[in-house]
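Every number for a ligand or one of its atoms is a count from 1 in the order of the listing. The structure displayed is predicted, hence computed values, not measured ones. Below, all heavy atoms of this structure are taken into account, side chains as well, without hydrogens, waters or symmetry copies.
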Amino acid sequence: MAKLEAIAQAIEAGKIKIVGGLVAEALADNLDPLIILNQGMIQTMSIVGDKFKRGDIFVPEMLIAAKAMKKGVEVLKPHLAGQADLSLGTCIIGSVAGDMHDIGKNLVAMMIESAGFEVIDLGVDVPAETFIKTIKEHPEVKLVAFSALLTTTMPAMKASVAAVKDSGLHGFKIIVGGAPITQDYAVQIGADGYASDAGSAAVTAKQLIA
Ligand code: B12
């Protein structure tokens, strides 16, 4: 547990240079990669978010914590992703227009990939047109995944889902997620699926295309 605490403190303090080493040490101590991710890292980002909300820290501190988290995820990634031997199809994923958050989206991409999908990650601040263009370029696509972390980008998610549905393209399911997104909202905007975290995103993704 001391190792988890050290990882959490390093992420919160944005100590980018030492996070990777601490995660490697925790793995060498046989700590479960999912526990390192959930308890050492994701929980810490919630604490960072709460401090930001209270005005105890500002955007630069939040950004540097995010960078430290990314370093840790890089080391963790090979230990989280299972070896899927058959392809379930292509999944296109991106953070919706106006949204620069990508840590959660990257984790979802990683878990969906390890569930057996080929993942095309469009990155952050992705306009609806880019999703549509990419679907056209990849007619084999089975899943389109939208991420939004801000209440102010939820309308962009709604508009993106609507644009993709109105495009007349078909043969795929739509999954949405992100901290402010709920099952009710997903249904309201016409998405086929919703998941609250990366682990359940992979499970839901498989169920949607079954
Ligand atoms: C790190 C961070 C940043 C970083 C992002 C860096 C990066 N590369 O991602 C930076 C500093 C850039 C940033 C900027 C801003 N941020 Co910010 N940020 C955060 C913070 C602290 C952590 C987010 C995070 O990475 N969480 C950890 C990951 C693992 O969790 P997650 O993202 O929720 O993802 C999980 C699930 O949601 C789900 N999921 C996510 N996507 C998807 C997609 C699918 C398909 C599915 C199924 C599931 C799914 O699975 C994920 C993994 O389990 C949050 C606070 C918080 N508690 O979330 C604030 C937070 C989201 N930010 C906030 C704000 C206000 C901002 C800014 C507007 C600040 C400003 N004044 O400039 C800007 C907006 C920039 C923009 N246009 O997007 C607010 C949002 C408030 C609101 N209700 O809208 C929050 C909640 C902080 C707060 N408490 O006020 N931010």
Side-chain angles (χ1 to χ4, degrees), residues 8 11-14 16 33-34 36-74 76-77 80 91-115 117 119-127 131 142-157 160-161 164 172-183 185-187 189 191-209:
I11 290 181
E12 197 177 331
I16 297 169
L34 268 180
I36 301 177
L37 178 69
N38 290 326
Q39 295 179 19
M41 303 164 92
I42 293 182
Q43 263 182 30
T44 310
M45 294 313 284
S46 300
I47 295 168
V48 169
D50 290 344
K51 287 194 169 176
F52 173 77
K53 206 170 166 183
R54 289 200 303 269
D56 295 343
I57 61 164
F58 299 97
V59 172
E61 286 97 328
M62 199 155 68
L63 187 58
I64 198 137
K67 284 189 176 159
M69 162 112 186
K70 278 191 174 183
K71 274 281 164 210
V73 171
E74 269 170 33
L76 213 51
K77 189 174 172 180
L80 284 170
C91 168
I92 296 171
I93 189 166
S95 301
V96 299
D99 209 311
M100 307 305 291
H101 296 85
D102 69 354
I103 295 177
K105 184 263 297 163
N106 293 346
L107 286 171
V108 170
M110 199 169 90
M111 294 305 278
I112 285 184
E113 189 174 52
S114 70
F117 288 85
V119 173
I120 299 173
D121 188 343
L122 299 176
V124 295
D125 189 16
V126 184
F131 279 100
K142 287 276 184 291
L143 195 67
V144 182
F146 298 96
S147 176
L149 257 285
L150 298 167
T151 43
T152 50
T153 55
M154 288 170 72
M157 174 179 269
S160 296
V161 171
V164 166
F172 53 84
K173 296 283 176 126
I174 294 174
I175 183 169
V176 295
I181 310 302
T182 60
Q183 175 71 50
Y185 187 73
V187 171
I189 65 174
D192 302 298
Y194 159 80
S196 61
D197 59 68
S200 35
V203 175
T204 308
K206 281 213 240 179
Q207 285 167 349
L208 282 175
I209 62 129

So which heavy atom in the protein is nearest [atom], and how far is it from that ligand atom?
{"atom": "atom 89 (N) of ligand 1", "answer": "Gly49 O, 3.0 Å"}
{"atom": "atom 70 (C) of ligand 1", "answer": "Val59 CG2, 3.6 Å"}
{"atom": "atom 82 (C) of ligand 1", "answer": "Thr151 OG1, 3.6 Å"}
{"atom": "atom 45 (C) of ligand 1", "answer": "Phe146 O, 3.5 Å"}
{"atom": "atom 67 (C) of ligand 1", "answer": "Leu150 CD2, 4.5 Å"}
{"atom": "atom 30 (O) of ligand 1", "answer": "Gly104 CA, 4.3 Å"}
{"atom": "atom 24 (C) of ligand 1", "answer": "Met45 CB, 4.3 Å"}
{"atom": "atom 60 (C) of ligand 1", "answer": "His101 NE2, 3.9 Å"}

Can you list the ligand 1 atoms lying under 4.0 Å from a non-hydrogen atom of [X]?
{"X": "Ser147", "answer": "40 (C), 41 (N), 42 (C), 43 (C)"}
{"X": "Ala201", "answer": "47 (C)"}
{"X": "Ala66", "answer": "1 (C), 6 (C)"}
{"X": "Ser46", "answer": "57 (N)"}
{"X": "Ala179", "answer": "33 (O), 37 (O)"}
{"X": "Ile103", "answer": "9 (O), 25 (O)"}
{"X": "Leu107", "answer": "29 (C)"}
{"X": "Ala145", "answer": "45 (C)"}

**Request:** Would you please indicate if the ring centroids of Tyr185 and Tyr194 are separated by under 6.0 Å?
**Result:** no
Side chain or backbone of [X] under 4.0 Å from ligand 1, or both, or neither, by non-hydrogen atoms?
{"X": "Asp197", "value": "both"}
{"X": "Ser196", "value": "backbone"}
{"X": "Leu149", "value": "both"}
{"X": "Val176", "value": "backbone"}

**Asked** Quick one: do Asp99 and Lys105 make a salt bridge, cutoff under 4.0 Å?
**Response**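 Salt bridge between Asp99 and Lys105, a charged N being under 4.0 Å from a carboxylate O: no.
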**Prompt:** Salt-bridged, Glu74 to Lys77, with N to O below 4.0 Å?
**Reply:** no
**Prompt:** Looking at side-chain heavy atoms only, is the closest gap between Ile189 and Met154 below 4.5 Å?
**Reply:**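 A side-chain contact under 4.5 Å is absent here.
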**Message:** Measuring only between side-chain heavy atoms, which start at C-beta, is Thr44 closer than 4.5 Å to Met69?
**Reply:** no
**Message:** Regarding ligand 1, does Leu63 bring an N or O atom to under 3.5 Å of one of the ligand's N or O atoms?
**Reply:** no
**Request:** Could you say whether the N/O atoms of Val48 and ligand 1 ever approach to under 3.5 Å?
**Result:** no
**Least distance between heavy atoms, Asn106 atom then Lys70 atom** =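 Residues Asn106 and Lys70, closest heavy atoms: ND2-CE, 4.1 Å.
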**Request:** Please report the C-alpha distance between Glu61 and Lys51 in whole Å, then the side-chain angles of each, then the deciding distance to 0.1 Å, and finally whether the salt bridge (charged side-chain N to carboxylate O under 4.0 Å, His left out) criterion is met.
**Result:** CA-CA 10 Å; Glu61 286 97 328; Lys51 287 194 169 176; over 6 Å; no
**Prompt:** Considering all protein heavy atoms, does one lie under 4.0 Å from atom 49 (C) of ligand 1?
**Reply:**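 Protein heavy atom within 4.0 Å of atom 49 (C) of ligand 1: present.
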